Amino acid sequence: MDDILLLEAIERYLSGDMNAAERSYFENLRKNTPEIDQMVVEHSMFLHQMDIYSVHRNLRNSLQTAHSRLLETGEINESGELTTKGKVIQLWKKYKRVTAIAATVGGFIALVISGLTLYFSPVRNGQIEELSREVATIRTYQKVQNGLIREVDNKIPKGGTVVSGGTGFLVDTKGYLITNAHVLKGSGVVVVNSGGQEYNAKVVGIDNNADLAILKIADNEFEPLKSLPYTIRKSGADMGEKIFTLGYPRNDIVYGEGYLSARTGFNGDSMSYQIQISANPGNSGGPVFNNNGDVIGILSTRQAEAEGVAFAVKSKNIYRMISNLDDSIASRIKMGNTHHGSALRGMERKEQIGMVEDCVYYVKSFKN
Amino acid sequence: MKADTTEQALLKGLANNDSKAIETIYKDNFAMVQTFIMQNNGTYDDARDIFQEAVITLYEKAQSQSFVLTSQIKTYVYSVCRRLWLKRLQQMGRYAHADSLEETVAVEEDLEMHEKRNAEFAIMDRALNSLGEPCKSLLEGYYLKKMGMQELAAEFGYTNADNAKNQKYKCLMRLKKLFFAQYNIGD
């Protein structure tokens, strides 16, 4: 109890709440008791830190408030471009009545434009190939290998046939995987880890435009990981950056390496990179890592007539896709802090592979 | 160039945490910083973080007694953001290819100061957050919101102010222990 009183006295002394008599008594006490003197100095320092902390916290809040308000009014915007969501809201408020007519006209124009785009857009077929493993190749594999390998814990229901295969990788320790949308051609999906263990999975989100899909391992046998060794990059990557990938062009995991050759993908597609790497059917959906072990993209297609030219969807699209998911799912996916960097930084490649291997899965899409 | 009177008024407003001044500074400068960062491998979120750090640095400068801002707010904020962002890029093992197109001023000293402040802020933040409830809210109520002991006792449901004071004392001792454990190492 004495300590409490003493502290109260110190606080009153420091805030100047003491009257003259108390003050001189206390100052005398300080002079004669080094312990008390020390406590006063220490507490004064601490209170000062508290004050600075308080002021800074308020300032941070004010900044955040200003940011949200300006975002709402459209005076700042996410893309940094001139047309903004905020402006749209303002316009909406102003011109609510006109919009009905405008919408009709707009709808018509949109139809015309999409027609024109379809008509004029380059034919992708034949020029680029998706890298999922198609029915035929897999069937022949199956004929030879199925009897021998992992029939033991096959999760594909009786009568089901694998129609396409690809690669996927974990973005969350609880079993959320990213793969390419075009890998999922069947009616169900199972995933297999590099050790051959098969798990049931379900599709929780598909974005055909970005060619991405999110799977969730839904299997009691799956044990969540403690942490992911890599991070998923939100920002862009540099031309010339060395890259590597892991994937399943065969039933076993295969390593490949190369470099980032252009900041855009096929025909200037700004959602992907061009990379130089040997990629084969089955590599689709595989993670593209840089030297530090950050995921910078998702390997998805290759150019048909050129050797080693492949394309990877930029990793930031993963964030965009997840934020577009239903909130109840999106809030469950924790992709970790991108600022801390990956745990793989500075390691030798062999070690890096050893650590990420367990997070890269063979994705089998089946039909029954 | 000496900052003109509008700029002085803005800085004064910032020093007093005036929302109008903060919003004006935000509105006048954010787009510039956003363009710079997004053109240099950054994202919108990076731009927001870096810009806010810069305004806090400016605030700290406006607070200090020896305060003189010898450049325009715009130039100062841009210089700080540029410095902070290049550093961040370097930490990520990347580089920026853009040469500065805008005028910049030396901000190294201010940034050193700011980094120290930031570290102190983080220590206090960690200490407060590891206290748990009701300690955290009780101390925040008393020291940050400057609420009286009576008021706090009523809010937290203590039967009287003395009991609340007792609890506050115990919490404070824990907080100080947590804070100084880190703070001394930092020195």
Side-chain angles (χ1 to χ4, degrees), chain A residues 1 3-8 11 15 42-43 45-71 73 75-82 231 233-239 241 263 290-292 294 316 319 338-342 345-346, chain B residues 14 17-19 22-27 30-31 34-35 37-49 51-52 55-56 59-60 63 88-89 91-95 97 117-118 120-121 123-125 128 139-140 143-146 149 162 165-166 168-170 172-173 175-176 179-180 183:
Chain A
M1 198 61 201
D3 291 338
I4 303 184
L5 285 177
L6 180 59
L7 182 88
E8 203 185 343
E11 288 193 341
S15 61
E42 188 216 58
H43 201 62
M45 196 167 153
F46 178 77
L47 289 182
H48 180 61
Q49 285 292 335
M50 275 289 241
D51 282 341
I52 296 181
Y53 173 78
S54 164
V55 163
H56 268 221
R57 210 162 80 162
N58 289 337
L59 182 62
R60 273 167 208 251
N61 287 339
S62 306
L63 283 169
Q64 210 46 267
T65 314
H67 188 94
S68 321
R69 199 160 42 221
L70 291 173
L71 203 59
T73 59
E75 282 164 287
I76 60 173
N77 66 86
E78 292 199 18
S79 63
E81 286 156 16
L82 281 173
T231 58
R233 180 172 277 186
K234 247 184 192 166
S235 52
D238 295 316
M239 230 198 295
E241 241 180 287
R263 291 193 192 93
N290 65 7
N291 266 347
N292 287 338
D294 301 317
K316 68 176 176 193
Y319 288 93
T338 47
H339 291 318
H340 283 164
S342 113
R345 173 172 238 170
Chain B
L14 174 65
N17 198 353
D18 168 49
S19 62
I22 290 174
E23 211 172 292
T24 310
I25 293 175
Y26 219 109
K27 195 165 63 189
F30 181 70
Q34 191 182 13
T35 309
I37 287 179
M38 287 176 78
Q39 278 173 359
N40 285 283
N41 293 321
T43 63
Y44 162 73
D45 289 337
D46 293 326
R48 188 191 53 209
D49 293 351
F51 178 75
Q52 295 190 358
V55 178
I56 293 171
Y59 167 85
E60 280 158 1
Q63 287 278 302
R88 177 83 65 86
L89 280 178
Q91 282 165 352
M92 294 194 295
R94 315 197 53 203
Y95 69 98
H97 18 77
R117 282 277 161 79
N118 254 4
E120 288 170 356
F121 182 89
I123 293 172
M124 187 64 87
D125 206 47
L128 258 178
L139 292 180
E140 280 181 351
Y143 289 102
L144 306 186
K145 295 184 195 141
K146 310 281 181 201
M149 235 39 242
D162 270 341
K165 206 181 280 177
N166 208 335
K168 187 214 98 181
Y169 176 79
K170 285 183 194 157
L172 180 68
M173 288 302 121
L175 178 66
K176 282 176 83 166
F179 176 78
F180 281 110
Y183 189 68

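These numbers were taken from a predicted model, which means no experiment stands behind them. Below, each value reflects all heavy atoms present in this structure, side chains not excepted, and no hydrogens, waters or symmetry copies.
With a 4.5 Å cut-off on non-hydrogen atoms, A:Leu7 touches chain B through its side chain but not through its backbone. Heavy atoms closer than 4.5 Å to chain B are found in the side chain of A:Asp51, but not in its backbone. Contacts of A:Asn292 with chain B are made by side-chain atoms alone, with heavy-atom separations under 4.5 Å and no backbone atom involved. Heavy atoms of A:Glu42 lying under 4.5 Å from chain B belong to its backbone as well as its side chain. Using a 4.5 Å cut-off between heavy atoms, A:Glu11 contacts chain B through its side chain alone, with no backbone atom that close.
Every salt bridge (Lys or Arg N to Asp or Glu O under 4.0 Å) that B:Asp45 has, sequence neighbours left out, goes to A:Lys234, B:Arg48. With sequence neighbours excluded, the residues satisfying salt bridge (Lys or Arg N to Asp or Glu O under 4.0 Å) with B:Glu120 are B:Lys116.
Nearest heavy atoms, A:Leu59 versus B:Asn17: N-ND2, 3.9 Å. For the pair B:Ser19 and A:Arg69, the tightest heavy-atom approach, listed with the atom from each and the gap, is CB-NH2, 4.5 Å. Across B:Tyr143 and A:His43, no two heavy atoms sit closer than the pair OH-NE2, 4.3 Å.
Side chains of A:Arg60 and B:Gln52 form no contact here, defined as non-hydrogen atoms less than 4.5 Å apart. At a threshold of 4.5 Å between non-hydrogen side-chain atoms, the residues B:Tyr59 and A:Val55 count as touching. Side-chain contact between A:Leu63 and B:Ile56 is present, with at least one heavy-atom pair separated by less than 4.5 Å. Residues A:His56 and B:Met124 are not in side-chain contact: their nearest non-hydrogen atoms beyond the backbone lie 4.5 Å or more apart.
Here NZ of B:Lys165 is found 9.0 Å from CD1 of A:Ile4. Values are rounded to the nearest 0.5 Å. To the nearest 0.5 Å, atom CG of residue B:Leu144 and atom CG of residue A:Asn58 are 8.0 Å apart. For the atom pair A:Phe46 CZ and B:Leu175 CG, the distance stands at 4.0 Å (nearest 0.5 Å). For the atom pair NZ (B:Lys146) and OG (A:Ser54), the distance works out to 6.5 Å, reported to the nearest 0.5 Å. Atom CG in B:Leu172 sits 8.0 Å away from atom CG in A:Leu47 (nearest 0.5 Å). Atom CZ of B:Phe121 and atom CZ of A:Arg57 lie 7.0 Å apart (nearest 0.5 Å).
In this pair, A:His67 and B:Tyr44 present their aromatic rings tilted. The plane angle is within the 30 to 60° band.
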